[in-house]
Amino acid sequence: MKGMEGRDIVAGYGKIEVLHGASVRAGQGEIVCIIGPNGSGKSTLLKSLFGLIMPREGAVLFAGRDITRLAPEEKVRLGIAFIPQGRNVFTSLTVRENLEMGGTPLDHEREVRRAIDEVLEAYPLLKDKLRYPAGNLSGGEKQLLALARADMVKPQVILMDEPSIGLAPRMIEEVYEQIKAINAKRSVTFLIVEQNARKALSIAHRGYVLDLGVTRIEDSGAELLNNEEVKKLYLGG
Amino acid sequence: MKRFALIVSVFSLLACFSVAPLWAAENVKIGAAFALSGSIAVYGEGFKKCVDLAVEEINAKGGINGKKIEIVYEDNKSNPKDCVSAVRKLITVDKVPVLFGPAGSSNFMAAAPVAQESKVVMLSAQGTAEKLTQAGPFIFRIIPSNSKQGQRLAKLAFELGYRQLPVMYINNDWGLDLKDGFVTSFKKMGGVVTDIIPFDEKKTDYRTELLRANKDNPKAIVNLTYINEGAVQFKQAFEMGVKTQWLCGSAARAPKMVELAGKAAEGVMGTYPSVIQDTKEYKTFKAAYQKKYGDDKIPIFGDYNYDMVYLTTRAIEKGGYTAEGIRAALPAAAKGYKGVTGDKTFDENRGMEHADIGIWIVKGGKIEDHKK
Amino acid sequence: MDLVLHLAIVVAIYSIFALSLNIEVGYTGLFNFGHVAFFAIGAYVSALLSLQDATFSLALIAGIACAGVGGLLIGLPALKLQGDYFGIATLGFAEIVRMLLQNQVAWTKGPMGLPGIPRPEIFSWHFDTLPAYLLLTLGAAVLTFLVIGFLTLSPFGRVLKAIRDDETAAAVLGKNPFAYKMEAFVIGSAFAGLAGVLWAHFITFISPGDFTLTETILVLLIVVLGGKGTLWGPVVGAAVLIFFQESVRFLRLPPEWSGILGPLQQMIFGLLLVILMIFRPEGLIREKGKETIDRD
Amino acid sequence: MIEIKNITKSFGGTRAVSDCSLSLAGLKIAGLIGPNGSGKTTLFNLITGLIRPDSGEITLEGRRIEGRMPHHMANMGLIRTFQLSRVFPRLTVMDNMLLAPRGQAGERLWSLFLRFPRVHREETEHREKACELLEMLGIIHLRDQFAGNLSYGQQKLLELGRAVMAQPKMILLDEPTAGINPRLIQTMIDMILKMKARGQIFFIIEHNMDVVVELCERIFVLDHGEKIAEGSPREIQTDPRVIEAYLG
Amino acid sequence: MDSLPYYLQTVVNGILAGCIYALFAMGLTLIYGVLNFVNFAHGELIMWGAYFLYLAMAEPFALPLYAAVPLALGMTALLGAAMDFALFKPLRKANRLTLLIAAIGLSFFLRNAAQLFWGAQVRTYGFEIRQGYRWLGVSLTPQQLAIIAISLICICGVYLLFFKSRMGKSMRALADNLDLARISGIHTGKVILSAWIISSLLAGVGGILMALDTNLNPEMGVVNLIKAFAATLIGGVGNLWGALIGGLIIGLAENIAVLFISPGYKDAVAFVIMVIILLARPYVVTDKRTD
């Protein structure tokens, strides 16, 4: 299998154990969405997959290979990108420089320039802002920039943490359109953690519901949306 | 815990060193609390060279009554606190009855009460502050005080026809003391001090201070400065096109200063506790120095330190190897004694009776005595 | 023997000095880089008064009080700053204090310093010999130790430690961080003043050159070496550091080496510091409960 | 007791809290819910003085209090906890508790020295009270441990206990049950209910809807910094706007 | 001397001093920005840079200046890298006080090592002294012109490096957001090493320029370090232009002040300005943990 998989991951911060054995799998070209109430360990799961937190137990597999212990830098070189929640652009760098940073794994300046041109084709919104510090962008533009930066090296898997957080509805739409476009064009695998479950599930091929550190439900996006238990988990109702 | 053990073992290793056997105990030991590290270590090195030279000579001639002189050097780290502990250590551990005090008036004055209280003789070959020996009868100075030098400097300014001039001085004990001495005498003579500019030690940039001193293009500027500071200043003044007659004190009179400042030092004049270099004693000393160290650049005050060793030796020979004996014998030993630096007779304040203040001038890259 | 007494006095005075810094650095988390200023204020005020024939008791109280007031005046602006900024601001203030001592020649005799400071006399007890002076400084050190110990173990000290650990959390529990930091700063300054007074009357000669950044660094090293935030740390640090520095004097090395001995000793000192920081950054005495702390 | 009127706070152009009005008058336990990033914690920060509002009013028992310093807020009786617990790691559990009471004589330098008997008496009283609370929280056996050595859940319990020790008019709890195991959640709920019975008033941010429903009389819902709904737990759970906000 | 050139010269002096401070401050601020601590041993890098040149030009090597300078700079960079490797790398996770004390220890070690090798005495490269060029009554020597020019070149060079090269951009990215830098695949170890090398090179250049203008002694680094640090704080930590502006503010202020107040307070001026600027910055209790 070409996609990415996390098996029985146990992880946490210091004394806190957040994940008690969570498993997710995303096949190649799949958009997989992980939803769940706040504090259920969604972000932790994503960070464990990427190696920002070393899982205490469990394994992370990429294209069938065990990459649990690889450092984030190395995972980037394998073609895995991670877009964190919140502070996900270099605010003091310009938009162009942010893109260049995304191109770090590329060997030549020339390739970086070509990659920027290609990315700008796909993200026309960023074109006019190239020379501005990324800190001046609006929340939605930052999210797009973060996506574009990850896209610089044409990764096979993109892990996204709460892409819609704090965005205006129009921008949420924009970001998700972009995700769909990338997925459609290069069949990139997406693993998205999302609070905004309805939006995410509407584009996801499959979804997981994470609750209290374990994956509870796995189903297709549309099914999950109509699942009574999902509503219950969210609103305790 | 393992790490802690490591640290402990390092300390105990050091402790082992400290109980290592003493060096030959038969010698006549003299303490020397010199600056071997810290800000004025540059002077301390020079003093040490000359002291070593004198000791070598005396020991070659059989020492004191057959016993060899041994100097116990103690680093005073150029600060008063360590001066005090260095002196304290020399007195209590090495039990020396006489010691050579630290350079720098404030360092010396911090340590002097300790010597006085312990009734141990302490001599200064470079402390020029007027009050240096006030701590008590065990404290001696074999170099003339600043007030005499200040007077001479004021007189020099008058002789050269300068009635109005600004004064720059290094903002430390020596500079302030000499500045006061100069200003008082100069005003008394009717001169006008146009500006007084203190400057900090060890800076690298004195341009604006120099600019301010040179504001009205004075014919002369009094600059009471040290070696390094002086070199930097003369160089920077030269570069800025300051054309004036520099009048300095003794601390700048060093071959090193001329070496550092190059042609910018040309023509700089100053006063210094005179050492008549034409004397037989001085020439012998200079030759001996050259033979031992390979150059004839006598370190500043090195000659006084050299004399200090001989003077102390004489006092020990006369009064015996006890503090009280040395203290009592010193004035007699010094009376009329002609050292390298001239007549070493003490006055009633245990300073120098005869203060021959000479004038130096830089000519052709060499420091010479100024001849009228 | 005199050397031992002498060093014991120095250790006692530096213990007071370090204890006073520890209440700021160790207990309240204030990285004061200008602590020597208050030492200097204490020393100068007391010395100047004594030279005007004031009694020692008066000079002592005035020295401590002026150092405390100095702390208040410097703390007012400086405590508005955080972390490194506070450190560099206090460093700047200390340099300004030193420059005042150096340049206000009319008051302080400037770089000439103040010689002949009398040895103390309290109620006709003379402290003019080393053992007597040791008694006096030991008394003062024990007093300082007890007062600072009492303070740090009291509810007041609890608030200081809370502010050190988490200023915001302390504030939302109703503790005014600025006020408490100010109190700690003033207390620290006053005790540094006490150390300064004792120093001046012990050495009997002071000049502005005694109160440089080097002294601040030394006392900071004592606190860190001994173990900051512990009661015994500063005392142990002072003893170890001063005896270590002095012990090098007893290395019986050939006289020809003396020229390189000074720098060599300082090199070893620097190296030991580095090694200590790598292997035991919490100092010789460890504050309990520290190993679990990851936020700083 | 607390009234919030038209309060607004922006960070660098984005409105974290936007024209928000809540009235907590007469409520024993009020709840505040909303998706991540909806401005709940910002609102708490505004109420407890950690940040100042751009505009709007906060009144406590009729007095305007917005924009005051955090310690003023605390001393007026508003004590909060944090989302990630903020105990004092280098103080013992007991010391963490003893720190909380307001207006202690021993915390003021003069009375510490001059009125030491009173200081001593207060300490003893506080210690007894703290023991009682720690007992209720089930962490009495840890009282001499450094708080930094406690598990995360225990730290959160300690933080709650500390807030109760302060005897405030209102305790603001920021996600009291987030990240702790279910067993401790029940302890937490029991504790809050016991305190409610003693007349303690709470304002709680919480995500665990079971907890919210069990505790709160009235719930306010924030989304994108705006209040989109308020009402009883039942009303909220069926409110289409709330479901929309949560499920997207 | 009439008054316009008098003041002009003061301003020039101020700029000169400011350039030196700025050169030192840039090196400091670089490390501060990337690694978030004050490298107290930066002054020793400055001093060793100057002494390396002395070593290369003295017997037995006796290299000409053009060959000696690159060698000296290379050695300084090596020293900086070695410092990081031996000391700061093991302490990467340590708290600030630990780092600071360690840096002070290192500074002691390096300064006294220099004294051990070369002695406490002052040395000079021995170039001939020349009178400055005069223009509008203001004098400037070639060395001083070199100081201003090279400082500007260094600042521009570092600017270009920072804003145009990939390595420089990575450095800024690292200073901006370490986690995000790692996520983007930036090799943090390499970037930190190059920050050290650049910082050391700046120190070496500064030291050599200062020694060319004045002399060499083991304490030449420390004396200007505190002011460089003040310049760093005035300009804002990690801000290159800030370092330049901070350096110039201090240099100008203290030189202008010399004309009007007792020069004994020259250093105090720098500190007073620094404290005023620090206090003038708005400071609000901010809580980073808002969601």
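Proteins get letters first, then strands, A, B, ... in listed order; numbering begins at 1 in each.
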Requested in this report: Taking E/Ser199 for its side chain and E/Gly27 for its backbone only, find out whether a donor-acceptor pair lies under 3.5 Å.
Outcome: yes

Query raised in the report: Do you know which of E/Asn217, E/Thr141, E/Thr124 has the most heavy-atom pairs with chain B at a distance under 4.5 angstrom?
Result: E/Thr141

**Report entry** Proximity breakdown for B/Asn228 and chain E, heavy-atom pairs closer than 4.5 Å
**Finding:** both

Query - Taking every non-hydrogen atom, the tightest pair across B/Asp295 and B/Tyr289 - result: O-CD2, 3.2 Å

Query raised in the report: Sequence neighbours excluded, which residues qualify as side-chain hydrogen bond (donor to acceptor under 3.5 Å, both in side chains) partners of E/Asp267?
Result: B/Lys203, E/Lys227

Query raised in the report: How are the rings of B/Phe301 and B/Tyr304 set relative to one another: parallel (under 30°), tilted (30 to 60°) or perpendicular (over 60°)?
Result: perpendicular

Report task. With a 4.5 angstrom heavy-atom cut-off, could you sort out which part of E/Gln144 is near chain B: side chain, backbone, both or neither? Result -> side chain

Query raised in the report: Is chain E contacted by the side chain of B/Asp205, its backbone, both, or neither, given a heavy-atom distance below 4.5 Å?
Result: both

Requested in this report: Examine whether an atom of E/Thr10 lies under 4.5 Å from a heavy atom of chain B, and if so say whether it belongs to the side chain, the backbone or both; otherwise answer neither.
Outcome: both

Requested in this report: Please look at B/Phe199 and chain E and tell me whether the side chain, the backbone, both or neither of the residue comes under 4.5 angstrom of a heavy atom of that chain.
Outcome: neither

Requested in this report: Verify whether one side chain among B/Asn223 and B/Gln233 offers a donor that lies under 3.5 Å from an acceptor in the other.
Outcome: yes

Query raised in the report: So which part of E/Phe127 gets closer than 4.5 Å to some heavy atom of chain B, the side chain, the backbone, both or neither?
Result: neither

Requested in this report: Give the member of B/Ile197, B/Ile227, B/Thr208 that has the highest number of heavy-atom pairs under 4.5 Å with chain E.
Outcome: B/Thr208

Report summary line: Of all heavy-atom pairs linking B/Gly365 and B/Val258, the shortest is O-CG1, 3.4 Å

**Report entry** Distance-only donor-acceptor check, side chains E/Tyr51 and E/Glu44, under 3.5 Å
**Finding:** no

Query raised in the report: Of all of E/Leu140, E/Asn255, E/Leu16, E/Ile256, which one pairs up most often with chain B through heavy atoms under 4.5 Å apart?
Result: E/Asn255

**Report entry** Distance-minimising heavy-atom pair for B/Met240 and E/Ser139
**Finding:** CA-OG, 3.0 Å

Query raised in the report: For E/Asp213, is it the side chain, the backbone, both, or neither that has a heavy atom closer than 4.5 Å to a heavy atom of chain B?
Result: both

Query - Under 4.5 Å from a heavy atom of chain E, the part of B/Lys256 involved - result: side chain

Query raised in the report: Does atom NZ of B/Lys219 have more than 12 heavy-atom neighbours from other groups under 6.0 Å away?
Result: no

Query - When E/Asn224, E/Val138, E/Asn13, E/Val223 are compared by non-hydrogen pairs under 4.5 Å with chain B, the top option - result: E/Asn13

Query - Part of E/Ile20 lying under 4.5 Å from any heavy atom of chain B - result: neither

Query raised in the report: At a heavy-atom separation under 4.5 Å, does E/Leu216 approach chain B through its side chain, its backbone, both, or neither?
Result: neither

